[in-house]
Asks: 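Below is one structure. I have some questions about it.
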Amino acid sequence: MARPLSTARYAAMSEAEIRSAERTLKAGTWAITAGALLFSVLTVTPLVRSVSPSGWEWTAPILPLVVDAAVIIVVKLDSVISRLGGEGGAWPVLLRWMTGLMTLALNVGDSALRHDWVGMAVHSAAPLLLIVTAEAGLSYRRAISAALARIAADQAAADERRRAEEEAREQRQREEREQARAAKEQAERQAREHAAKLERERAEREETRLREEREHALALEKERTAREEADRQARLDEEKARREYNARIERERAERELAERIRQEERADRERREKAEQEARAHREEAQRLERQRQEAAAAVPAQPRAAASAKTVKRPARVVESVVMSDEFAGMTKGEAEQALFELYRAARDASEYEDWEQDPLVKDGGPFCGSNLGRRLGRSDASGRANVKPKFERWYEEYRASKMADQRELVSAG
C-alpha cells in the first residue's frame with residue numbers, strides 16, 4: 001500500500017502544473033487498466049473454457065469481462081470520490097481488493113494447475129501492476145485534490161486579503177479625499193466670505209459713486225432736454241410754416257394747372273363739338289338732299305291704275321346685304337386705325353348731340369351716317385357686321401371714355 005503523499009510537495013507548483021499532472025495520471029491509469037483487462041481476457045478465456053461443461057465453451061469470455069467491468073467501476077468511482085475529497089468506506093476497499101485478487105487468481109490459475117512457476121510470475125505481472133496502480137492512483141488523486149483545494153483556499157484567502165486591502169485603501173483614500181475636500185471647502189468658504197465682504201464694500205462705494213453720477217447726469221439731462229425741447233418746438237414751428245407755404249404754392253400751382261387743363265379740354269371739346277357739328281350738319285344736309293331727290297323721283301313716277309293696285313302682290317326677294325369695300329374716307333389706314341378714327345368721329349358727334357336720347361338723333365337712325373349699317377359700310381364691312389359688332393363696340397368704348405374722363409376730373413379736384 002502506497003503511503004499518502006503530503007500536499008506540501010505541491011506548494012511550489014501552480015494550479016496548471018497540478019492539473020497537467022492529474023491528466024497524465026488519468027491517461028496512464030486508463031492505459032494500464034486497458035492493457036491489463038485485454039491481457040486478462042486473453043489469458044482467462046482458455047482457462048474458463050477448459051473447465052466449462054461440453055457445449056458451454058462459448059461462455060468462457062463472460063467471466064473475464066465481468067471481472068474487468070468491476071475493475072473499471074472501481075477505477076472510475078475511486079477517481080470521482082477522490083476528486084470530491086470523500087471516503088467510500090470499507091466496501092469500495094473490499095471491491096477493489098477482491099477484483100484485483102480475482103484478476104490475479106484467474107491470470108495465474110492455468111499456470112498454477114500445471115505447476116509452471118515462470119508462467120505464474122509472468123501472468124501475475126499485469127494484475128499486480130493494476131492493483132498497485134489503482135492504490136497509487138487513489139493516493140495521487142487525493143493528494144492532487146487536496147493540493148487543488150489548498151490552492152483554491154489560498155487563492156480565495158489571497159483574493160479576500162486583496163479585497164480587504166483594496167477596501168481599506170479605498171476607505172483611506174475616501175477619508176483623505178473627504179478631509180481634503182472639507183479643508184478645500186472651508187478655505188473656499190473663507191475666501192468667498194472675504195471676497196463677498198470686499199465685493200460688498202466695493203459695491204457700496206460704486207453705488208455711492210453711481211448715485212452721485214446719476215444725480216449729476218439727471219440734472220444735465222434735464223437742462224439738455226429743456227434746450228432740445230425749445231429747439232424742437234422752434235423747428236416744428238419753422239417746418240409748419242414751410243409746409244404751409246409749400247402747400248399754398250403747390251395748391252396755387254395745382255389750381256393753375258387744373259384751370260389750364262380744364263381750359264385746354266374745354267377748347268378741345270369745343271373744337272371736337274364744332275367739328276362734329278360741321279360733319280353732322282354736312283351729313284344732315286346730305287341726308288336732306290337725298291330725301292329731296294327721293295321725293296322728287298317719287299313725284300315724277302305716274303300713278304298706277306286701281307286695278308293694278310288690286311292685282312296679286314308679287315313677293316319681292318329679300319334684300320341681300322353685301323360687304324362693301326372700304327371707301328377713300330380712311331385710305332392708307334389699317335382696319336384698326338380706321339376703326340379708331342371712325343370712333344373719334346362717332347364720339348365727337350355724340351358729345352355734340354342736342355338730343356338727350358342719342359338713339360333719337362337722326363345721325364344714328366336708319367340712313368344716318370352713324371347708324372349701324374353705315375358704320376359697317378364706312379369700315380368696309382357688311383351692314384349686319386356694323387349693326388351687330390361695330391355699333392355695340394363704339395357704345396362700349398364711349399362708356400369707357402366717359403368713365404375715364406370723370407375719373408380724371410375727380411383726381412384733379414382732389415389734387416386741388
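The figures that follow rest on heavy atoms only: side chains count, while hydrogens, waters and symmetry mates do not. Quick caveat: nothing in here was measured; it's all calculated off a predicted structure.
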Asks: Determine, for Arg202 against Glu199, whether the closest basic-nitrogen to carboxylate-oxygen distance falls under 4.0 angstrom.
Replies: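 Result for this pair is yes, salt bridge flagged.
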Asks: Take His216 and Glu212 through the test side chain to side chain contact (heavy atoms under 4.5 Å, CB included) and record every step on the way to the result.
Replies: CA-CA 6 Å; His216 180 67; Glu212 293 175 353; over 6 Å; no
Asks: Would you compute the distance between atom CG of Leu218 and atom CD of Glu223 and round it to the nearest 0.5 angstrom?
Replies: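 Leu218 CG to Glu223 CD: 10.5 Å, rounded to 0.5 Å.
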Asks: Hey, is Arg227 close enough to Asp231 for a salt bridge, meaning N to O under 4.0 Å?
Replies: no
Asks: When you measure from the centre of the six-membered ring of Phe394, is the NZ or CZ of Arg350 closer than 6.0 Å and no more than 45° off the axis?
Replies: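 The answer is no; the distance or angle limit is not met.
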Asks: Is the shortest side-chain heavy-atom distance between Arg211 and Arg214 below 4.5 Å?
Replies: yes
Asks: Determine, step by step, whether Val364 and Tyr355 satisfy the side chain to side chain contact (heavy atoms under 4.5 Å, CB included) criterion, reporting the C-alpha distance in whole Å, the side-chain angles of both residues, the deciding distance to 0.1 Å, and the verdict.
Replies: CA-CA 11 Å; Val364 294; Tyr355 290 85; over 6 Å; no
Asks: Could you tell me whether Arg172 and Glu175 make a salt bridge, using a distance below 4.0 angstrom between a side-chain N and a carboxylate O?
Replies: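 Not counted as a salt bridge, because no side-chain N and carboxylate O are separated by less than 4.0 Å.
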Asks: Go through Glu339 and Arg381 one step at a time and tell me if the salt bridge (Lys or Arg N to Asp or Glu O under 4.0 Å) criterion holds.
Replies: CA-CA 11 Å; Glu339 191 176 60; Arg381 304 177 189 175; 3.3 Å; yes
Asks: Which of parallel (below 30°), tilted (30 to 60°) and perpendicular (above 60°) describes Phe343 and Trp397?
Replies: perpendicular
Asks: Strictly below 4.0 Å, N to O, side chains only: are Arg209 and Glu213 in salt-bridge contact?
Replies: yes
Asks: Return the minimal non-hydrogen interatomic distance between Phe370 and Leu345, and the atom names on each side.
Replies: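 Nearest heavy atoms, Phe370 then Leu345: CZ-O, 3.8 Å.
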Asks: Just by distance, no angles: are the side chains of Asn374 and Arg377 close enough, under 3.5 Å, to form a donor-acceptor pair?
Replies: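 The criterion, which ignores hydrogens and geometry beyond distance, is satisfied for Arg377 and Asn374.
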Asks: Measuring from atom CZ of Arg387 to atom CG of Asp366, what distance do you get when rounded to the nearest 0.5 angstrom?
Replies: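 Taking CZ in Arg387 and CG in Asp366, the distance rounds to 8.5 Å.
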Asks: Is any side-chain N of the basic residue among Glu344 and Arg347 closer than 4.0 Å to the acidic one's carboxylate O?
Replies: yes
Asks: If you take all heavy atoms of Trp358 and Ala349, which pair is closest and at what distance?
Replies: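 Answer, listing the atom of Trp358 first, then Ala349: CZ3-O, 3.7 Å.
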Asks: Taking all atoms of both residues into account, what is the closest heavy-atom pair of Pro392 and Gly386, and its distance?
Replies: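 Taking Pro392 first and Gly386 second, the nearest heavy atoms are CD-O, 4.4 Å.
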Asks: Got a second to check how far Gln190's CD is from His194's NE2, nearest 0.5 Å?
Replies: 11.0 Å
Asks: Please lay out, stage by stage, how Thr334 and Glu337 fare under the test side chain to side chain contact (heavy atoms under 4.5 Å, CB included).
Replies: CA-CA 5 Å; Thr334 63; Glu337 293 173 349; 3.2 Å; yes
Asks: Is there a side-chain hydrogen bond (donor to acceptor under 3.5 Å, both in side chains) between Arg174 and Gln171 once you walk through the steps?
Replies: CA-CA 5 Å; Arg174 281 196 300 270; Gln171 182 65 26; 2.5 Å; yes
Asks: Would you check, one step at a time, whether the test salt bridge (Lys or Arg N to Asp or Glu O under 4.0 Å) holds for Glu167 with Arg163?
Replies: CA-CA 6 Å; Glu167 290 179 354; Arg163 186 182 62 80; 2.5 Å; yes
Asks: Are side-chain heavy atoms of Pro369 and Arg378 found at a separation under 4.5 Å?
Replies: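 Sidechains of Arg378 and Pro369: in contact.
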Asks: So does Arg402 have more than 12 non-hydrogen atoms from other groups sitting under 6.0 Å from CZ?
Replies: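 At most 12 heavy atoms, drawn from other residues, nucleotides or ligands, come within 6.0 Å of this atom.
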Asks: Just how far is it from atom CG of Leu342 to atom CG of Leu379, taken to the nearest 0.5 Å?
Replies: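 Here the rounded value is 5.0 Å.
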Asks: Hey, are Arg181 and Glu176 close enough for a salt bridge, meaning a charged N less than 4.0 Å from a carboxylate O?
Replies: no
Asks: Can you tell me how far apart CE (Met333) and CD (Gln340) are? Round to the nearest 0.5 Å.
Replies: 10.5 Å
Asks: How about Glu399: does its CD atom have over 12 heavy atoms from other parts shown lying under 6.0 Å from it?
Replies: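 For Glu399, atom CD is crowded (more than 12 foreign heavy atoms under 6.0 Å).
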Asks: Measuring from Tyr346:OH to Glu395:CD, what's the distance to the nearest 0.5 Å?
Replies: 3.5 Å
Asks: If you count every heavy atom of other residues, nucleotides or ligands that lies below 6.0 Å from Glu354 atom CD, does the total exceed 12?
Replies: no
Asks: With a 4.0 Å cut-off, would you call Glu359 and Lys365 a salt bridge?
Replies: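 Salt bridge flag = no for Lys365 with Glu359.
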